[in-house]
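Below, read A as the first sequence line, B as the second, and so on, with proteins coming before strands; counting in each chain starts at 1.
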Amino acid sequence: MLRIDNLHVRAGERQILNGLSLEVGAGEVHAIMGPNGSGKSTLAQVLAGREGYEVTAGTVTYRGRDLLALSPEERAREGVFLAFQYPVEIPGVNNVYLLKAGLNAIRKHRGEPELDAFEFLTLVREKMKLMQMDESFLNRGVNEGFSGGEKKRNEILQMAVLEPTLALLDETDSGLDIDALRIVANGVNSLRRPDRSIVMVTHYQRLLDYIEPDYVHVLSGGRIVKSGDKSLALELEKRGYDWIKQEAA
Amino acid sequence: MSSASATQSRPALEHYRTVFERRFAADPLVSERRAALTAFLEQGFPTPRDERWKYTNLRRLETRAFVPGEAAPIAFDPQHAPWIAQAGLRFVFVNGHFAPALSSAQAQLPGVTLVRLADRIKHEPAAACDYLSRASQQPLSSLEQLNAAFFEDGLFVQLAPGTQLDQPIHVVHLWTDQAQLGMSHPRLIVRAGADSRVTLIEQFISTGAVESFTNAVADLALERGAVIDHYRLQEESTKAFHIGHARVAASEQARYALHDLALGASLGRLDLTVYLKEPRAHAELRGLIAPTGSQHLDTHTRIEHIAPHTTSSEEYRGIADGRGRGVFNGKVLVHPGAQKTDAYQATRNLLLSRTAEFDAKPELEIYANDVKCSHGATTGQLDATALFYLRSRGISETDARVLLIRAFAQSVLASVGNAAVREHLDGLLAHRFGSLEVSP
Amino acid sequence: MSTPQTDPTLEALVARKYRHGFVTDIESDTVPPGLDEDVIRLISRKKREPSFMLEWRLKAFRHWVTMQEPKWAHLRIAPIDYQAISYYSAPKSKADAPKSLDEVDPKLLETYDKLGIPLHERARLAGVAVDAVFDSVSVATTFKERLAQAGVIFCSFSEAVQNHPALVEQYLGSVVPYTDNFFAALNSAVFSDGSFVYVPKGVRCPMELSTYFRINAANTGQFERTLIIADEGAYVSYLEGCTAPMRDENQLHAAVVELIALDNAQIKYSTVQNWYPGDEQGRGGIYNFVTKRGECRGVNSRISWTQVETGSAITWKYPSCILTGDNSVGEFYSVAVANHYQQADTGTKMIHIGRNTRSTIVSKGISAGHGQNSYRGLVKILPSAENARNFTQCDSLLMGDQCGAHTFPYMEVRNPTASVEHEATTSKIGDDQLFYCMSRGVSEEDAVNMIVNGFCKAVFKELPMEFAVEAQNLLAVSLEGSVG
């Protein structure tokens with residue numbers, strides 16, 4: 001599904017990723033953990049095609065294609081989805097309008113027929129129920145005036161509608177209270193499928209109580225320094241990150 | 001103050017004197033008109049040396065020898081009228097003259113007096129003089145004097161107290177392709193009685209690409225508790241010259257709302273002044289200024305908080321493309337004693353090309369201390385983060401740009417309540433800023 | 001607090017007199033009032049100037065006579081009779097120019113003591129080199145040696161003309177040409193002295209440089225000229241303070257300041273202006289018509305203007321930055337107070353020419369009594385200024401219901417990659433804020449000071465420490481009893 005090989009990324013003068021390698025198979029859920037500033041969010045942003053980062057070495061192969069050669073929208077159409085850590089507010093652009101435009105662009109790319117307004121609304125309403133969002137949400141601007149929790153739920157709703165092949169969740173748990181976290185996690189779990197991979201970037205183990213990963217990786221100094229299963233996350237929770245940094249050094 | 005005319009080309013002004021004598025020597029209002037003409041000739045056309053005309057030079061307008069437009073028959077497919085269909089009670093002026101055949105049938109509406117100015121000048125000149133007086137006692141600008149000297153037609157609307165007019169009054173000013181170098185100085189006078197309510201739609205359009213000169217005056221007065229919803233849609237051809245003046249006087253608890261669209265004309269300028277004369281009078285201005293090609297579009301607004309407890313809210317947006325130049329100057333003036341004034345003003349502008357320019361000047365002039373006044377202004381390009389967000393959702397860069405530009409333009413017109421107008425505006429914006437490749 | 005009226009106890013404080021209002025009794029060498037080419041020749045001869053200076057002055061004068069006095073919409077101004085002003089007034093002393101503090105007239109030194117700038121102690125303690133301009137001639141400059149070791153030239157303009165004519169000829173008028181405006185032209189024709197600073201390549205000036213200006217003689221205009229050049233990689237921080245004695249008539253102050261920052265250079269220019277503002281009825285006071293402009297001529301250069309303007313009857317000043325060099329930065333931080341019948345019309349111009357140029361404007365206007373305070377600013381982005389950025393914050397505080405606060409920002413943007421943002425607010429001191437402070441035991445006056453200082457904090461923090469304290473004190477004195 002996704003193969004990252006020796007990825008080096010720089011932002012301005014600062015080297016952020018330093019030879020990161022990672023392989024994600026179909027249907028797998030990977031959690032990437034690490035201290036602040038270790039490069040977790042950079043990884044997610046680079047995979048989604050955010051400008052302002054310079055890939056100085058390494059390759060990223062996604063379903064046999066060079067992911068880094070694609071524009072952000074091409075990546076989205078190929079099934080890559082990033083749930084943002086800080087979803088931007090776009091006053092004046094309607095939420096549903098955005099979602100429908102996105103979905104139909106993706107469907108067209110896949111050679112599927114575009115949905116008409118009725119079909120689309122039926123689909124969105126069904127997904128909204130999953131995320132426990134109310135009707136008024138349909139008429140609001142993109143993230144405009146949304147609370148932190150609403151923004152995160154909105155991200156997962158978009159994921160549910162767009163049905164990606166590879167979902168990157170960037171600190172999706174941050175800023176959520178326990179109820180909102182449960183809703184978001186249920187949403188993600190219901191989207192787990194044998195042909196869909198999920199990469200979660202998170203600082204805390206908490207999220208992993210709700211979304212159980214197949215693999216846990218620790219990112220430090222711009223590369224993965226330790227990999228393991230779910231128990232690694234529990235150990236991190238207990239011991240912090242320092243021991244791993246020492247071990248790596 | 002040195003006389004502006006001294007530095008201006010006399011021939012330009014002499015032309016207007018000549019045309020005036022030819023046209024109005026035998027007019028019933030000739031003496032009133034002549035006084036206005038004299039005032040105009042003394043002041044001349046404004047020049048960029050005048051602070052209010054710093055960004056807009058009228059020399060191109062001055063050098064053209066405009067003559068009063070003549071009525072002309074027009075043919076069109078009723079299915080595709082050039083104006084907004086079914087917007088309300090329609091009054092069409094072709095090249096400055098009322099065209100009954102194109103207008104709605106006249107019906108008696110209770111509480112409403114509707115008078116066509118040309119009729120009144122002809123039949124009751126003494127009464128017509130009233131239409132030269134103004135709701136506000138402010139000195140007139142030279143171009144308003146020019147209007148007073150040359151006005152030939154227009155509409156007077158009076159609403160008796162308590163009259164709620166459901167149907168909007170739709171005034172269409174249309175230039176035909178025969179109107180090369182035609183000029184028109186129409187007037188719209190509205191007297192809204194206490195607690196009356198009316199929607200006005202002023203639409204300025206052209207069916208041909210001719211060099212025309214519109215110099216339109218609107219004079220609105222709102223008595224206690226009156227409500228006016230005013231649409232001003234300037235969609236003239238990109239060869240036209242369009243000058244507009246609007247003065248609005250609002251009494252206690254009156255509410256005035258403007259939806260202003262500057263989309264047409266080669267050179268467009270609107271001067272709008274709102275006088276909030278009594279407590280709890282409120283003004284709400286929303287506008288879009290969107291020059292492209294080589295258009296020059298300038299809007300000056302001025303809100304005077306004269307009485308305490310008056311409120312205003314203003315938001316203008318600009319989108320300049322091509323070699324277009326947009327100008328927004330918004331002044332909020334709080335008079336001494338106008339305590340508890342609450343005024344907010346915002347202007348946000350987008351530049352879409354390397355050769356476009358936008359000049360913004362939001363001004364506050366405040367002579368009272370217990371007030372809440374603020375303004376914000378930004379000029380820049382589309383938000384890169386928003387663009388990326390849309391693209392990350394699968395939308396092409398072109399579509400993402402269209403989406404954001406349309407959203408930027410539309411949000412300022414979101415308050416448009418009239419469905420026919422809204423549909424018309426959507427169409428105009430789609431035409432100007434493009435539609436999506438993918439049907440949403 | 002619901003009715004806007006002045007608290008009577010505070011009224012008494014308002015009446016407090018201008019602290020710096022005294023006249024020094026010194027024999028002056030003053031040229032009779034009036035201005036023509038002969039007066040200019042006389043000034044130039046008295047100063048033994050090289051011919052390029054005289055030529056330049058005469059060109060400026062000939063241009064000035066063709067110009068009209070500017071008419072600003074928001075200034076009430078009595079007509080100025082330019083022929084009634086004396087254009088040169090030098091304190092007579094033993095030598096033509098004192099070479100050390102010992103040679104300075106003791107009465108002058110006393111004057112500085114009253115102003116709170118004892119040259120001996122304060123200068124030394126604070127590590128400040130002071131170039132004091134008394135009326136029109138620079139009387140004493142300290143710390144020359146330490147500066148000389150670093151290669152920094154800091155001297156009166158007259159000395160610079162004698163000792164560094166090449167630098168003067170190269171840079172004088174290169175940022176503010178004599179044709180620039182009415183008062184700049186007048187200044188160019190008649191300026192008598194001022195300060196000159198040259199910081200050579202790669203030198204960080206080892207101390208803050210400071211000048212104190214004072215108008216003393218009656219009916220004299222002060223036309224000083226300051227020229228500061230920071231060569232490649234240089235840094236200098238320059239402070240100026242201004243006071244004038246009380247007089248009934250208005251006195252004119254029309255200075256010109258030019259700053260030039262070459263590649264990677266930085267100039268920080270701070271002003272605390274406390275010219276006599278006139279009395280409670282608006283009689284007297286200084287007309288402060290100053291042209292200040294800096295050019296970031298080199299790449300990565302930076303010019304910062306910080307000003308605290310509490311004095312003068314009328315202030316008309318727009319310290320500006322021309323951002324020519326790529327990546328250059330212009331900053332303007334201002335606090336302007338208009339109390340009684342003062343009129344402050346101030347602001348800045350940021351002209352973005354180079355790529356990635358950035359500018360920040362923070363303006364805090366305080367109006368009290370019958371004061372009128374205007375911010376007038378221009379942000380101009382030329383087509384060449386790729387990725388230019390500007391942010392402007394412009395806040396007004398109104399104290400009393402007879403004053404005015406006005407904001408006239410101009411934003412001219414001709415490059416689509418630029419971003420220009422302007423925000424302005426107007427407010428009064430909130431009753432709830434005052435109440436909160438007072439319910440914690442703070443007096444009303446102190447509460448007002450706290451709130452006003454909080455309002456100005458963003459500007460004060462840009463001032464060098466010793467000036468920040470002085471500025472806060474000045475502000476308190478200027479506004480005593482003005483709470484509405």
Test side-chain contact (heavy atoms from CB on, under 4.5 Å) on C:Q402 and B:Y367; report intermediate values, then the result.
CA-CA 7 Å; C:Q402 303 293 311; B:Y367 297 93; over 6 Å; no
Taking atom [atom1] of [X] and atom [atom2] of [Y], what is their separation to the nearest 0.5 Å?
X      : Y      : atom1 : atom2 : value
B:N369 : C:L397 : CG    : CG    : 9.5 Å
B:E363 : C:F408 : CD    : CZ    : 5.5 Å
B:K361 : C:T407 : NZ    : OG1   : 11.5 Å
C:N373 : B:I366 : CG    : CD1   : 11.5 Å

Quick one: are [X] and [Y] in side-chain contact, heavy atoms under 4.5 Å?
X      : Y      : value
B:L364 : C:T426 : yes
B:H375 : C:P409 : yes
C:E386 : B:R354 : yes

Given heavy-atom pairs under 4.5 angstrom as the criterion, report whether the side chain, backbone, both or neither of [X] touches chain C.
X      : result
B:Y344 : neither
B:P362 : both
B:T379 : both
B:Q345 : neither

I'd like to know whether [atom1] of [X] has more than 12 heavy-atom contacts from other residues, nucleotides or ligands below 6.0 angstrom.
X      : atom1 : answer
B:R406 : CZ    : yes
B:R432 : CZ    : yes
B:K54  : NZ    : yes

Considering only residues two or more places apart or on different chains, which pairs with a residue in residues 296-322 of chain B satisfy ring pair (Phe, Tyr, Trp, His ring centres under 6.0 Å)?
B:Y316-B:F328
Selection from C:S396, C:A405, C:G404, C:S427 maximising heavy-atom pairs under 4.5 Å formed with chain B
C:A405
Sequence-distant partners of C:Y333, ring-ring contact (aromatic ring centres under 6.0 Å, His included), two or more places apart
none
Report the option among [options] that has the most heavy-atom pairs separated by less than 4.5 Å from atoms of chain C.
options                        : result
B:A320, B:S353, B:A356         : B:S353
B:S374, B:A377, B:G376         : B:A377
B:T347, B:V371, B:T378, B:N329 : B:T378

For C:T348, give me all partners under side-chain hydrogen bond (donor to acceptor under 3.5 Å, both in side chains), at least two apart in sequence or on another chain.
none
Heavy atom to heavy atom, less than 4.5 Å: which residues from residues 411-423 of chain C reach chain B?
C:M411, C:E412, C:V413, C:R414, C:N415, C:P416, C:T417, C:A418, C:S419, C:V420, C:E421, C:H422, C:E423
